[in-house]
Amino acid sequence: MKMHSINMKNAAPTLTPLLRSNFQGDLLALTLLNPDQEFSLAEIGRRLNVIPATVHREVGRLVDSGLLTDRRVGKTRLVQANTADRLFGPTRALIEVTYGPRVILEAVLQDEDGVEGAYIFGTWAARHDGEPGRAPNDVDVLIVGDVGRRQMSHLASRAEELLNLEVNIERVSPVAWQAGEEPFVATLKSRPLIQLSLRREGE
């Protein structure tokens, strides 16, 4: 998958006009919604699909602002949310209701049996992609894999409790997704999609 270089001046986010870019929102969501975790710059780039130079630049800004802290372990730079900063609480609250779905859904679907891949589609993905409009009232999720309806309902309920948003989950088989010939799949692939980073045990 091609990694992205973010132009902060041109990538005006529509999920909230208060940030410079979607990457800034995604980075704040990853760190502020996981305040007990440290992330290497390489992991941030991999999970958010952004080139190292962009990660380094934005992490530097957030460390300078006090929202993030950093430390080095050998050659690895690790960053973490600064929960002692006075802006941590208000910023986290804003990020949770705007960019939170990506991070929270990744946590809900992590290591879930039968889930081979997952994407956000629909209005939230469109806003993340820059389409103008009001903030979404729900989140549409596509699971690629072998997941039963009861399991899908359970996953949607867990996500709704964490997001305070309606979560709609659809499912397609890996074969159908790869082929891309079914009308539903073809339509999805023609519209904005946000791929979720689902690490497996041992990765």
Side-chain angles (χ1 to χ4, degrees), residues 1 4 6 11-19 21-35 37 44 46-50 90-174 176-177 180 182-199:
M1 179 180 296
H4 301 293
I6 307 300
T14 54
L15 281 172
T16 171
L18 301 179
L19 301 179
S21 70
N22 279 324
F23 172 60
Q24 185 186 41
D26 289 332
L27 174 57
L28 286 169
L30 181 64
T31 51
L32 302 191
L33 300 184
N34 295 296
Q37 295 184 36
I44 291 170
R46 178 184 61 79
R47 291 185 62 165
L48 302 182
N49 195 34
V50 176
T91 305
R92 176 185 164 122
L94 171 66
I95 292 299
E96 189 170 32
V97 298
T98 52
Y99 286 86
R102 181 176 189 168
V103 171
I104 289 173
L105 285 164
E106 286 177 347
V108 169
L109 297 175
Q110 208 76 271
D111 296 319
E112 191 70 26
D113 290 342
V115 178
E116 296 189 16
Y119 301 82
I120 300 177
F121 66 99
T123 305
W124 193 91
R127 296 292 173 272
H128 191 282
D129 200 50
E131 290 188 14
R134 290 183 177 273
N137 294 317
D138 60 3
V139 181
D140 298 307
V141 182
L142 176 73
I143 288 177
V144 179
D146 183 15
V147 180
R149 292 190 178 277
R150 181 176 297 181
Q151 185 181 4
M152 289 168 57
S153 177
H154 174 66
L155 292 171
S157 295
R158 283 175 55 197
E160 286 174 348
E161 290 176 4
L162 294 169
L163 289 168
N164 291 316
L165 284 175
E166 179 181 349
V167 176
N168 310 300
I169 298 182
E170 301 288 345
R171 172 199 60 197
V172 298
S173 71
W177 181 250
E182 295 182 4
F184 175 63
V185 173
T187 299
L188 285 183
K189 288 191 173 185
S190 71
R191 299 286 296 144
L193 285 173
I194 306 299
Q195 185 172 12
L196 300 180
S197 177
L198 304 180
R199 293 168 298 169

Point-to-point distance, once rounded to the nearest 0.5 Å, from [atom1] of [X] to [atom2] of [Y]:
X    : Y    : atom1 : atom2 : result
Q151 : R171 : CD    : CZ    : 9.5 Å
L28  : T16  : CG    : OG1   : 10.5 Å
L196 : I104 : CG    : CD1   : 12.0 Å
D129 : I194 : CG    : CD1   : 6.5 Å
L198 : E106 : CG    : CD    : 6.5 Å
M152 : E170 : CE    : CD    : 6.0 Å

Locate the shortest heavy-atom distance separating [X] from [Y]; write the atom from each residue and the value.
X    : Y    : answer
A126 : R191 : CB-NH2, 4.3 Å
A176 : V185 : O-CG1, 3.9 Å
A118 : L109 : CB-CD1, 3.6 Å
G100 : L33  : CA-CD1, 3.7 Å
S197 : R46  : OG-NH1, 3.6 Å
I95  : G25  : CG2-O, 4.1 Å

With sequence neighbours excluded, what pairs up with E166 under the salt bridge (charged side-chain N to carboxylate O under 4.0 Å, His left out) test?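 Residues passing salt bridge (charged side-chain N to carboxylate O under 4.0 Å, His left out) with E166: none at all.
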
Does some side-chain heavy atom of [Y] sit less than 4.5 Å from a side-chain heavy atom of [X]?
X    : Y    : answer
L27  : V50  : no
L48  : R102 : yes
F121 : T187 : no

Is there a donor-acceptor pair closer than 3.5 Å between any side-chain N or O of [X] and the backbone N or O of [Y]?
X    : Y    : value
E131 : P192 : no
R92  : L32  : yes
S153 : R149 : no
E116 : G145 : no
T14  : P132 : no

Taking it one step at a time, do L18 and T98 satisfy side-chain contact (heavy atoms from CB on, under 4.5 Å)? CA-CA 11 Å; L18 301 179; T98 52; over 6 Å; no

Report the residues that fulfil side-chain hydrogen bond (donor to acceptor under 3.5 Å, both in side chains) with E182, sequence neighbours left out, ordered by chain and then residue number.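 Residues passing side-chain hydrogen bond (donor to acceptor under 3.5 Å, both in side chains) with E182: none at all.
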
What residues, two or more places apart in sequence or in another chain, satisfy side-chain hydrogen bond (donor to acceptor under 3.5 Å, both in side chains) together with E96?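 Scan of E96 (side-chain hydrogen bond (donor to acceptor under 3.5 Å, both in side chains), adjacent residues dropped) gives none.
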
Result of checking N168, I169, V167, L188 against D140 for side chain to side chain contact (heavy atoms under 4.5 Å, CB included):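 Considering N168, I169, V167, L188, a side chain to side chain contact (heavy atoms under 4.5 Å, CB included) with D140 is found only for N168.
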
Start with the C-alpha gap between I143 and W177, add the side-chain angles, then the distance that decides, and say whether side-chain contact (heavy atoms from CB on, under 4.5 Å) holds. CA-CA 10 Å; I143 288 177; W177 181 250; over 6 Å; no

Run the numbers on D26 and H128 for side-chain contact (heavy atoms from CB on, under 4.5 Å), then give the verdict. CA-CA 10 Å; D26 289 332; H128 191 282; 2.9 Å; yes

Parallel, tilted or perpendicular: which fits the ring planes of W124 and Y99, with parallel below 30° and perpendicular above 60°?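 Ring orientation of W124 relative to Y99: perpendicular.
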
Are V147 and V115 close enough, and set up right, to give a side-chain contact (heavy atoms from CB on, under 4.5 Å), and what steps lead you there? CA-CA 7 Å; V147 180; V115 178; 3.8 Å; yes

Using a 6.0 Å cut-off, check whether atom CG of D146 has over 12 heavy atoms from anything other than its own residue.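 Counting other residues, nucleotides and ligands, CG of D146 stays at 12 neighbours or fewer.
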
